[in-house]
Peer 1: 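Sharing a structure here in structure tokens format.
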2 protein chains.
Amino acid sequence: MLINNVGEYLKNHGVKPSFQRIKIFEYLFHHNNHPTVETIFKNLVGTIPTLSKTTVYNTLKLFIEKSIAKVVNIEDIETRYDADTSVHGHFKCKKCDEIYDFYVDLNKVNMKDIENFDINEYHIYLKGICNKCLTNQIN
Amino acid sequence: MLINNVGEYLKNHGVKPSFQRIKIFEYLFHHNNHPTVETIFKNLVGTIPTLSKTTVYNTLKLFIEKSIAKVVNIEDIETRYDADTSVHGHFKCKKCDEIYDFYVDLNKVNMKDIENFDINEYHIYLKGICNKCLTNQIN
DNA sequence: GTATCTGCAAAACATTTGCAATTCT
DNA sequence: AGAATTGCAAATGTTTTGCAGATAC
């Protein structure tokens with residue numbers, strides 16, 4: 001997805017584009033590493049010295065409501081956020097802690113137990129060792 | 001899975017079978033509704049009046065380590081636990097809050113972005129409206 | 001008798017809430 | 001001015017930690 005005007009994008013999705021909201025969305029959009037509230041706050045408080053974590057929380061909640069961001073709950077402790085709203089999975093490497101996005105088409109998967117259910121949220125979190133760490137391993 | 005002797009089962013998986021551990025495992029095993037620490041505690045404190053939540057936390061952590069239980073992180077707030085360690089997905093109905101287990105085999109799915117990755121944990125959480133609630137709806 | 005297990009009380013930590021100050025129109 | 005937004009400070013709720021007492025082998 002390409003967004004040339006974040007203010008317009010927010011407006012088109014029912015979010016009034018304040019300075020804070022634009023900066024938070026820009027950060028989320030340009031950092032595809034699924035940042036936490038803490039990360040977003042730390043990286044923006046330099047640009048917006050008065051910024052508070054409450055605003056980051058409020059803003060992300062608003063983004064979720066308006067469907068321009070998604071929650072990534074792959075960590076047990078902190079919630080992560082993603083501006084990529086397409087259906088995709090996340091893989092977390094237990095060695096290097098990196099989180100990889102991966103394409104997955106669940107329409108092709110047989111899930112007979114929940115046939116005819118109306119599914120509108122997909123959370124697919126896999127964990128293990130990534131290819132890079134497997135290769136670096138000297139077994 | 002059928003377990004006729006919980007004590008033996010725990011022992012075989014490296015867990016010393018104390019009274020508390022047996023009761024907690026039994027509860028988890030016979031209640032396939034993915035209970036929270038709170039739920040487990042409330043339901044067992046009648047049988048074990050001295051029971052503390054700390055012990056429930058400690059015990060579940062031990063079960064996870066020994067791979068006889070799994071975390072179900074479908075809720076944002078509380079962690080749920082499952083004694084069914086087979087790979088399966090969870091569906092949460094946003095209307096009735098029921099959590100359904102469903103069979104899913106990701107081995108047949110093309111996930112080229114993480115090809116050759118060593119995957120050893122699967123968390124598949126879907127949300128929406130279950131069949132029962134869809135049928136009951138008077139649209 | 002030593003190691004493990006249990007459980008209370010306090011701490012830690014992420015997130016939410018109440019409310020006052022600020023900003024925008 | 002009026003409504004929405006921001007942000008501080010306090011509260012909430014889950015989970016963890018430190019440690020002392022109890023239990024098991």
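Reckoned from all heavy atoms, side chains included, excluding hydrogens, waters and symmetry mates. Quick note on labels: first sequence line is chain A, next is B, and so on, each numbered from 1.
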Peer 1: Does A:E38 reach a base, just sugar-phosphate, or nothing at all? Heavy atoms under 4.0 Å.
Peer 2: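 No contact.
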
Peer 1: Does A:T79 reach a base, just sugar-phosphate, or nothing at all? Heavy atoms under 4.0 Å.
Peer 2: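 The residue A:T79 makes sugar-phosphate contact but no base contact.
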
Peer 1: Starting at CG of A:D76 and ending at P of C:dT15, how long is that distance when rounded to a whole Å?
Peer 2: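 One finds 12 Å between P of C:dT15 and CG of A:D76, rounded.
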
Peer 1: Need to verify one output field. Residue with the more 5' nearest nucleotide on DNA chain C, B:I48 or A:I77?
Peer 2: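 That would be B:I48.
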
Peer 1: Between A:H31 and A:N43, do the side chains contain an N or O donor and an N or O acceptor separated by less than 3.5 Å?
Peer 2: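 Distance-only check fails for A:H31 and A:N43.
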
Peer 1: Taking atom P of C:dA14 as reference, at what distance in whole Å does atom CZ of A:R80 sit?
Peer 2: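 The distance from CZ of A:R80 to P of C:dA14 comes to 13 Å, rounded to the nearest Å.
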
Peer 1: The side chain of A:T59 is closest to which nucleotide in this list: D:dT6, C:dT6, D:dT15?
Peer 2: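 Nearest to the side-chain atoms of A:T59, counting from C-beta on, is D:dT6.
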
Peer 1: Looking at A:Q20, I'd like to know whether one of its side-chain N or O atoms comes within less than 4.0 Å of OP1 or OP2 on C:dT23.
Peer 2: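 No.
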
Peer 1: Over how many whole Å does the gap from B:I40 atom CD1 to D:dT14 atom C1' extend?
Peer 2: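 Between C1' of D:dT14 and CD1 of B:I40: 14 Å.
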
Peer 1: Looking for any heavy atom pair under 4.0 Å, which part of the strands does A:K53 touch: base, sugar-phosphate only, or nothing?
Peer 2: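 The answer is nothing, as A:K53 stays clear of every strand by at least 4.0 Å.
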
Peer 1: Regarding B:N120 and A:K94, do their side chains bring together a donor and an acceptor under 3.5 Å, going by distance alone?
Peer 2: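 Result is yes, a qualifying pair exists.
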
Peer 1: For residues B:H88 and A:D113, is any side-chain donor paired with an opposing acceptor at under 3.5 Å?
Peer 2: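 No - no donor-acceptor pair under 3.5 Å links their side chains.
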
Peer 1: Could you check how far CG of B:N58 sits from C1' of D:dG18, rounded to whole Å?
Peer 2: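 One finds 12 Å between C1' of D:dG18 and CG of B:N58, rounded.
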
Peer 1: Hey, which sits more toward the 5' end of DNA chain D by its nearest nucleotide, B:Y57 or A:L62?
Peer 2: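 Whichever sits nearer the 5' end wins; that is A:L62.
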
Peer 1: Over how many whole Å does the gap from B:I24 atom CD1 to C:dC5 atom P extend?
Peer 2: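 My rounded result for the distance is 13 Å.
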
Peer 1: When you get a sec, tell me which of D:dT17, C:dT6, C:dT16 is the closest nucleotide to the side chain of B:T54?
Peer 2: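 So the side chain of B:T54 is nearest to D:dT17.
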
Peer 1: Quick one: do the A:D101 and A:H34 side chains pair a donor with an acceptor below 3.5 Å?
Peer 2: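 A donor-acceptor contact under 3.5 Å links the two side chains.
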
Peer 1: Hey, does A:T36 reach any base, or is it just sugar-phosphate, or nothing, if we go heavy atoms under 4.0 Å?
Peer 2: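 Touches nothing.
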
Peer 1: Classify the nucleic acid contact of A:S18 as base, sugar-phosphate or nothing, counting any heavy atom under 4.0 Å across all strands shown.
Peer 2: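 A:S18: backbone/sugar contact only, no base atoms under 4.0 Å.
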
Peer 1: Mind calculating the distance between NZ (A:K23) and C1' (D:dT6) to the nearest angstrom?
Peer 2: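 To the nearest whole Å, that distance equals 17 Å.
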
Peer 1: I need the minimum non-hydrogen distance between B:K112 and A:Y103, along with the two atoms involved.
Peer 2: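 Minimum heavy-atom separation between B:K112 and A:Y103: NZ-CD2, 4.2 Å.
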
Peer 1: Name the residue closer to the 5' end of DNA chain D, choosing between B:K61 and B:K16 according to the nucleotide with the nearest heavy atom.
Peer 2: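 Looking at DNA chain D, the more 5' nearest nucleotide goes with B:K61.
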
Peer 1: Do B:Y81 and B:V37 make a side-chain contact, defined as non-hydrogen atoms from C-beta onward lying under 4.5 Å apart?
Peer 2: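 Result yes, sub-4.5 Å side-chain heavy-atom pair found.
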
Peer 1: I want to verify a distance call: between C:dC8, D:dG7, D:dT14, whose nearest atom is closest to the B:S52 side chain?
Peer 2: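 So the nucleotide nearest the side chain must be C:dC8.
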
Peer 1: From CD1 of B:I64 over to P of D:dT15, roughly how many Å is that when rounded to an integer?
Peer 2: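 In whole Å, D:dT15 P and B:I64 CD1 are 12 Å from each other.
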
Peer 1: Check the distance between C:dA21's P and A:L51's CG and give it to me in whole angstrom.
Peer 2: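 Checked: the CG to P distance equals 20 Å.
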
Peer 1: If you only use heavy atoms from C-beta on, which nucleotide in C:dT16, D:dT6, C:dC8 is closest to the side chain of A:R21?
Peer 2: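 Ranking C:dT16, D:dT6, C:dC8 by closest atom to the A:R21 side chain puts D:dT6 first.
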
